[in-house]
**Student:** 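Sharing a structure here in structure tokens format.
Excluded from the calculations below are hydrogen atoms, water molecules and symmetry mates; all remaining heavy atoms, backbone and side chain alike, are included. Since we're looking at a predicted model, the values are computed, not measured. Chain A is the first sequence line, chain B the second, and so forth, proteins listed ahead of strands; every chain is numbered from 1.
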Amino acid sequence: MTEKSILIIDDDQPLLVGLSVRLKSSGYKTSSAMDAVTAIAAAVKEPPDLIILDLGLPGGDGFVVLERLKMLATLATIPVIVLSARDAKESRQRALDGGAVAYFQKPPDNHEFLNAIRHALGESSNALATFLKS
Amino acid sequence: MNAEPRRPDGASSPESVGPADVGPLGGGPTGPGDGVALTAELRRELLDLDAWGGILTTYGGTMRVAVALTDAHGQVLGRCYNPQPVWTMVHDAVPDAAASCPFCMEGPTPCTAVADAFRTGGVVMSRDQAGLTHVAVPLLLKNQQLGAIIAGQVFDRFPDPLLLRRVARDAGISEHDLWMLARKQHPVSAATLKASGDLLYALGQAFLQQRYSMILEATLAETNRQFRLMVEGIRDYAVFTIDLAGCVTSWNGGAARMLGYAEAEIVGRNYSCMFTPEDIRNHLPEDQLHGALLAERGEVEGTRLRSDRQAFLARVNITLLPAQAGGDPRFALIMEDVTERRRTEAALEEVRQERLRSQNKFLSHVSHELRTPLTAIYFFTTNLLDGLLGEVTPEQSEHLRLAVSNVNQLKNMVSDLIDIAQVEEHKLSVEPKQVNVVRLIADVLQTCETNAAAKKISLQSEVALDVPMIWADPARLRQILINLIDNGIKFTPEGGSLTISSRPVAENDGCLCLSVRDTGVGISEENQGMVFDRLAQVRPDDEPSRSGLGLGLFIARELVTRQGGRIWVESELGRGSTFFFTIPIFSMARLCAHVLTAANLAHGHVTLIMVEVQVADGAASLGVLADIRGALERSIRTGPDLLLPPMGDADPFSPHFILACTGAVGGQRIAARIRRELQQLTVGATLTARISTTTLAVAPDDALPSQTPAVAGLIDRLVRVHTLSGETLQ
């Protein structure tokens with residue numbers, strides 16, 4: 001099975017480094033983009049299996065990126081996990097309504113964050129699924 | 001002669017003289033019965049010598065005796081009226097005569113005669129060897145001793161020869177001349193003197209009464225005048241009276257100024273002219289009087305109109321005035337124009353809100369700015385700690401663990417900053433669910449372990465494994481516990497311990513009581529009241545412990561209160577503190593109470609519908625979950641049906657339950673409706689739903705309401721079985 005690829009869209013360089021190390025060690029291939037335009041271009045050029053998206057980005061709000069991703073047929077099915085410093089109460093619902101599969105406020109708990117990624121990539125053993133199959 | 005004898009020290013005090021039925025001697029503020037206060041000033045005024053002078057001189061002149069007035073202690077006031085030459089001569093010749101009663105040669109004050117008069121309340125006569133005779137008459141007002149009149153004469157019989165000789169020598173005349181002089185005074189007999197004493201008694205009492213009522217009238221008139229002036233002079237309040245029908249009967253200057261009516265034009269008019277037409281249509285003027293009549297007073301605030309129909313905001317105090325003789329009761333109204341004050345208050349509130357908003361915005365910004373670098377630090381340290389960048393030595397590992405723990409602390413502080421703004425704007429969100437406390441506490445302990453270990457503090461839970469499920473927001477409960485534990489760690493010295501305990505049920509109010517006990521420095525009693533205040537941090541000055549924002553307990557209190565519990569602390573300086581808080585126990589009966597009514601149970605059946613939705617792998621998200629619950633909400637009828645809140649506190653994808661009160665096949669209909677709604681749901685993923693129903697028949701008899709707890713209990717068991725079977729698979 002080939003390595004799943006994750007595109008991290010965030011304008012904070014140290015965060016990109018730190019998160020990439022974590023994801024790589026968990027068996028994912030990572031790429032990154034630091035602004036909205038580059039992010040869309042990168043996703044179109046080489047569609048990843050999952051996108052981690054920050055909301056405060058130069059060149060366009062993260063919500064705009066989310067909207068664009070969902071509008072492009074080739075990218076619409078890619079699960080997006082939002083990872084933002086913004087107040088969860090205000091942004092969570094908007095992100096979920098916009099098609100994100102999960103919302104994490106920075107800093108996330110590694111364990112929960114990786115679980116969500118696995119879940120979104122269909123690698124998890126969801127409790128409900130297990131229960132139903134049993 | 002000296003008419004003001006000194007009171008010998010240690011003499012029997014006048015207070016001890018009077019028997020109980022005479023009432024207290026001087027100094028007592030009130031007499032029994034009528035509550036009149038005989039103040040020192042009133043006593044002085046009642047015994048005014050100029051007022052008494054006339055009557056005493058006339059009496060003394062008529063009876064040919066000397067007369068003096070004493071106070072309630074038997075001390076002679078001012079002077080002696082009508083002193084005869086012989087009497088003066090004798091009095092001056094006796095050494096120390098001035099020390100006591102002017103009619104006694106020597107003795108205590110009050111003299112025996114006065115003391116006896118006070119004690120018996122009647123006229124007392126006394127004679128001595130010197131031929132000095134006097135009569136003491138008590139003056140009583142409202143059963144209180146006010147004073148006494150003493151009347152006396154000298155040499156009504158041939159005196160002691162030695163005394164006669166001494167007085168004659170001192171006066172420079174012969175004994176014979178002295179005796180003849182005394183005889184010329186035509187002394188009255190003792191019997192006459194005694195009889196005149198009774199007359200003096202009646203005279204004294206009558207005069208005293210007259211004087212008393214005169215003083216009272218003068219005082220009352222003055223009070224009335226002052227009161228009228230005061231009411232008249234009140235400018236900022238309208239003070240007026242109305243009768244039971246609402247017609248104005250009096251009107252002060254403030255009322256004229258505030259409402260614009262002159263006294264002449266408003267008296268006799270109904271006070272409803274001050275109300276708006278709408279209020280009059282709604283019978284407000286009558287209603288307010290009616291209310292005040294029942295409650296004897298009332299306070300209202302509302303719009304009133306001036307004579308030029310200009311509206312203002314008035315606060316009105318209505319008091320029922322008791323009926324005076326021959327009249328009906330009336331109302332006194334005190335009206336204040338609060339337009340300006342309310343406007344200022346509103347403006348102040350607006351400023352306060354604006355300040356809160358900008359503070360919130362600032363805190364939000366700060367929090368956002370702090371979170372980004374914090375995230376990078378978190379990733380770097382956890383990456384190192386987990387060995388993702390190579391092996392670390394045990395010591396390095398320990399240091400990294402501390403770093404992560406500190407990052408988590410910073411994270412909590414940043415969250416606190418946001419919470420604090422929301423507390424002030426009353427926006428702190430709480431979403432209660434059914435929560436398994438034991439699991440949550442185990443999780444919290446794990447989170448706090450590193451922190452505690454760094455200070456060598458042992459952290460343990462004594463929470464019983466069988467505590468009931470509670471009804472709380474798990475994230476907020478976690479926050480409360482972490483805040484309390486962090487606080488405990490902060491104020492507990494190295495090597496101490498922290499214990500989380502549970503009490504079965506606090507005060508039988510359906511709450512679970514949790515506590516966090518530390519072995520720290522403790523909190524003094526005076527500080528215990530303020531530890532939950534914002535920015536409070538009570539700490540000994542010499543303890544350079546780790547600082548915090550001082551917000552933890554404030555937020556904890558807010559979170560506990562918002563979830564229906566309460567929080568308090570018990571502590572002893574130097575021995576540690578225990579923080580207690582209560583949180584409602586989950587109760588299916590309470591949750592279902594508004595659905596399991598007699599009317600709904602009359603349908604004959606209760607159906608529990610379990611809906612398990614499987615979402616295609618990768619598509620399950622909180623958004624999809626919300627869509628599913630929305631579809632379920634649409635499938636049920638509000639009133640007889642209820643979509644139970646999520647039952648598992650960990651897995652949001654646990655089964656959904658619907659409680660429905662239906663006829664025999666009603667449950668199937670709802671199930672079909674749910675299936676249809678779920679099929680129409682477009683969430684961009686395949687949904688597979690499994691719907692099962694359990695129908696219970698309820699007895700259609702009069703005992704329906706009493707079945708509610710039993711039905712709720714059954715529902716509870718069914719839900720629990722399903723939820724737990726899901727949990728065991730995690």
**Student:** Against chain B, label A/D109 side chain, backbone, both or neither, depending on which of its atoms sit under 4.5 Å from a heavy atom there.
**Tutor:**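 For A/D109, backbone and side chain are both near chain B.
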**Student:** Around B/E369, counting heavy atoms of other residues, nucleotides and ligands shown, do more than 12 lie under 6.0 Å from its CD?
**Tutor:**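 Atom CD in B/E369 is crowded, with more than 12 foreign heavy atoms closer than 6.0 Å.
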**Student:** Identify the two heavy atoms, one from B/R371 and one from A/P107, that lie closest to each other, and give their separation to 0.1 Å.
**Tutor:**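 Of all heavy-atom pairs spanning B/R371 and A/P107, the closest is NH1-CD, 4.1 Å.
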**Student:** Applying salt bridge (charged side-chain N to carboxylate O under 4.0 Å, His left out), can you list everything that pairs with B/D443, at least two apart in sequence or on another chain?
**Tutor:**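 Counting only residues at least two positions away or on another chain, B/D443 forms a salt bridge (charged side-chain N to carboxylate O under 4.0 Å, His left out) with B/R478.
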**Student:** So which heavy atom on B/H368 is nearest to which on A/R86, and how close?
**Tutor:**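 Distance-wise, the nearest heavy atoms are CD2-N, 3.7 Å.
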**Student:** More than 12 foreign heavy atoms under 6.0 Å from CZ of B/R629: is that the case here?
**Tutor:**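 Result for CZ/B/R629: enclosed.
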**Student:** At what distance, to the nearest 0.5 angstrom, does CZ of B/F379 lie from CZ of A/F113?
**Tutor:**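 Here the interatomic distance stands at 5.5 Å.
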**Student:** Quick check: under 4.5 Å, non-hydrogen atoms only, which of residues 11-24 of chain A neighbour chain B?
**Tutor:**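 Heavy-atom contacts from residues 11-24 of chain A to chain B are A/D12, A/P14, A/L15, A/V17, A/G18, A/L19, A/V21, A/R22.
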**Student:** I'd like to check the salt bridge (charged side-chain N to carboxylate O under 4.0 Å, His left out) partners of B/R401; sequence neighbours left out, ordered by chain and number.
**Tutor:**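 B/E398.
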**Student:** Go through the atoms of B/N408 and report whether side chain, backbone, both or neither lie under 4.5 Å from a heavy atom of chain A.
**Tutor:**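 Neither part.
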**Student:** Below 4.5 Å from any heavy atom of chain A, which atoms of B/L389 appear? Answer side chain, backbone, both or neither.
**Tutor:**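 Interface part for B/L389: side chain.
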**Student:** Do B/T375 and A/P108 have side-chain heavy atoms sitting under 4.5 Å apart?
**Tutor:**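 They are in side-chain contact.
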**Student:** For chain B, which residues of residues 45-56 of chain A have at least one non-hydrogen atom nearer than 4.5 Å to it?
**Tutor:**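 Residues in range: none.
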